Q: 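Can you read through this structure? Questions will come right after.
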Amino acid sequence: MQLKLYDTLTRQKRDFVPLDWELGLPKAERRVRMYVCGPTVYDFAHIGNARPVIVFDVLFRLLRHLYGNDRVVYVRNITDVDDRINARAAELGVAIRELTERTYRDFAEDVQALGCLPPSFEPRATEYIEPMQAMIERLIDQGNAYVAEEHVLFHVPSMPDYGELSKRPLDEMLAGARVEVAPYKRNPMDFVLWKPSKPGEPAWPSPAGIATPGRPGWHIECSAMAWRHLGEMFDIHGGGIDLEFPHHENEIAQSRSAFHTPRMARFWVHNGFLQLEGEKMAKSVGNVVTIRELLKNWNGVGWPGETLRFNMLRTHYHQPMDWTVAGVEESHKILLSWYEDLSPVSVDEMPPPEIVEALCDDLNTPELMTVLHKLKREKQSGSLGASLRFLGFSGDISKLYRTYTLEAGVGQYAVSLPSTVQFSVQRYPNELQEQIAALKEARDRARKEKNFAEADRIRDELKKMHILLKDLKDDTTLEVER
RNA sequence: GGCCACGUGGCGGAGUGGUUACGCAGCGGUCUGCAAAACCGUUUACCCCGGUUCAAUUCCGGGCGUGGCCUCCA
C-alpha cells in the first residue's frame with residue numbers, strides 16, 4: 001500500500017518512498033528515518049504539546065507496519081538547554097540538571113499514558129555539544145557563518161534557498177519585522193549558532209577560538225542530533241506548524257549548507273495548532289491545560305489517557321483543532337462503546353486493509369474513525385480490536401475509567417473506580433460507600449411505597465456522586481458513571 | 001503591516017465537478033412508575049459575492065471571519 005504524505009516544503013501530497021529504498025540499498029541496510037522536534041523540559045507539557053507526540057506516534061506505528069519494526073528509526077529530541085529552563089530553575093531554586101531530569105520523567109510518564117511508544121532515540125541537546133561545534137566550525141570555514149562579538153552567526157544571504165520552506169521572500173520579511181536587530185549582525189536575518197554565557201549560565205568551551213565559554217543557539221541542536229542519528233539527509237522531519245518559521249527554516253539552512261545537500265528532510269510534516277474551547281491556549285490568557293491535569297483532575301474529572309489520545313485523532317493532524325470538554329466526552333463515550341464488546345485479539349491479528357489505507361492517505365484519522373465505526377456496526381469485533389491495538393489503544397475497558405474528584409464533607413476525595421453491571425463502588429472511600437448504600441436502601445423503600453418523587457430525588461443525589469442507578473425487573477443496580 | 005492556513009448540518013468531522021460520508025446530540029418507536037441502558041427508524045450542510053461549466057460545496061478571483069508565523073512556543 002502506498003503511503004502519501006503532505007510535504008510542507010513542496011505544498012503537495014506526494015508518494016512517500018524512503019531514501020534507502022529509492023537508492024536500492026541492500027535490505028539489511030535500509031532505514032526509514034524520522035526526526036521530530038521534542039519538548040523543552042522546563043515544565044509540564046500541555047495538551048498542545050501532546051498533539052505532535054500523538055500524531056507522529058501514529059506515523060511511527062504506520063511506518064513500522066509498512067517497512068518492518070526494525071527498519072524505522074524515530075528520533076525525538078529533548079531540549080535541555082534553553083533560557084526558559086535557566087529562568088525556571090532559578091525561580092524554583094533547583095539545579096538546572098535536576099529540573100530538566102524531573103521534567104523529562106514527567107513528560108515520559110504523560111506520553112506513555114497517552115499510549116505513545118518510546119522513540120528509537122531521545123537525544124538530549126547537552127550531550128551533543130560536540131557535533132554542534134563541529135557543524136559550527138564547518139559553517140564558518142565554508143563562509144556560511146561568522147564570528148561577531150563572541151557570537152557565531154549564520155549568514156542568511158549565504159544560503160540562496162533560504163525561505164523555501166515557509167515561502168517567505170526575504171525583503172518582505174524584513175519590511176514586516178518587529179524586532180530590533182542586534183548591531184553586530186551583518187544581515188538582519190542572520191541568526192545565532194552560538195552565544196557567550198554570563199557567569200552562572202550553562203556554558204561549554206566555545207568554538208572558533210572564542211575565549212568566553214558559551215552555549216548553543218536554539219536551532220543548531222536539531223541539526224546536530226538529526227545528523228548524528230539519521231545522517232546528512234533523511235526521510236521525514238516533523239513538528240508543529242508554529243515551528244515552520246524560523247526554527248525549521250534555520251535547521252534547513254544549517255544542515256544543507258553544512259552538508260551541501262539538496263534537502264535536509266525529504267518530507268516536512270507539520271501538525272496544525274490546537275485551541276482550547278475556541279480560544280488560543282496561552283499563559284497570557286491563563287488557560288493552559290497540562291496533560292497531567294487532564295489525566296488527574298480537569299474540572300473534577302481525570303480522563304483516561306486513551307480517551308485523550310482518541311480525541312486527538314478525531315481531527316486530521318493538518319487541521320486546526322479545538323480541544324473541548326464536549327469533544328473529550330464524546331470521544332470517551334465512543335471508545336467505551338467499542339471496548340465493551342471487543343473479543344480477545346490474538347497478537348498476530350492485523351488490522352483490515354481499510355484501516356491501513358485510511359492512514360496511508362496522509363494519516364487520515366477521521367476517515368479511519370469511519371472505518372472503525374463500520375467495524376463496530378458490523379460486529380467485526382476481532383478486526384476492531386486488532387485495529388485499535390494497532391493504533392495504540394489497549395482495548396482494555398478497565399483502562400477507561402474516569403477519576404472523579406468529589407467534594408464530600410471536608411476535603412476532596414479523588415476516586416478512581418471500575419464499573420460493571422454489578423455493584424461496584426468499592427473504591428469509593430468507606431464513609432461514601434456507607435452513604436451510598438443508605439441512599440439506595442432509602443430509595444428501594446420509597447419505590448416500594450410508590451413514592452416516586454422521593455425515589456427520583458435520591459437518584460439525582462447519587463448522580464452528583466457519579467453513581468448511576470438502573471432499575472431492572474426485580475433489582476436495582478448501582479454503577480459508577482464511566 | 002507582511003506571509004501562511006482554515007471556514008461543511010445543533011455539535012464534531014471527512015470527502016467529492018453531477019448520486020444528501022461517518023459519529024455525537026435530537027426526534028419517533030420497543031422497554032420502563034419515570035429514567036438509564038440496549039435495539040430499530042429518522043430530520044438538518046457545504047461563509048458571502050462574482051467567474052468558468054450543461055452542472056460547483058468541490059475549480060478560479062474578490063470579500064468577510066477565525067487561527068498561525070514574523071519574538072520564546074507543538
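For clarity, every value in this text was computed on a predicted model and none was experimentally measured.
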Q: Pick base, sugar-phosphate or nothing for R88(A), based on heavy-atom distances below 4.0 Å to the nucleic acid.
A: nothing
Q: Touch check for L243(A), heavy atoms < 4.0 angstrom, all strands: base, sugar-phosphate only, or nothing?
A: sugar-phosphate
Q: Would you tell me if any nitrogen or oxygen in the side chain of K280(A) comes within less than 4.0 Å of OP1 or OP2 on G68(B)?
A: yes
Q: Please say which of K376(A), K379(A), K374(A) ends up in a side chain to side chain contact (heavy atoms under 4.5 Å, CB included) with L384(A).
A: K376(A)
Q: Once you apply a heavy-atom cut-off of 4.0 Å, does Q275(A) come out as touching a base, just sugar-phosphate, or nothing?
A: sugar-phosphate
Q: Between H151(A) and Y184(A), does the ring centre distance come in under 6.0 Å?
A: yes
Q: Respond yes when some side-chain nitrogen or oxygen of R377(A) is under 4.0 Å from OP1 or OP2 of G23(B), and no when none is.
A: yes
Q: With a 4.5 Å limit on heavy-atom distance, are the side chains of K185(A) and L153(A) in contact?
A: yes
Q: Are OP1 or OP2 of G13(B) and a side-chain N or O of T315(A) less than 4.0 angstrom apart?
A: yes
Q: Rounded to the nearest 0.5 Å, what separation is found between the CZ atom of F107(A) and the CD1 atom of I291(A)?
A: 6.5 Å
Q: So what does R51(A) touch, heavy atoms closer than 4.0 Å: a base, only the sugar-phosphate, or nothing?
A: nothing
Q: Is there a donor N/O on one and an acceptor N/O on the other, under 3.5 Å, for the side chain of Q319(A) and the base of G13(B)?
A: no
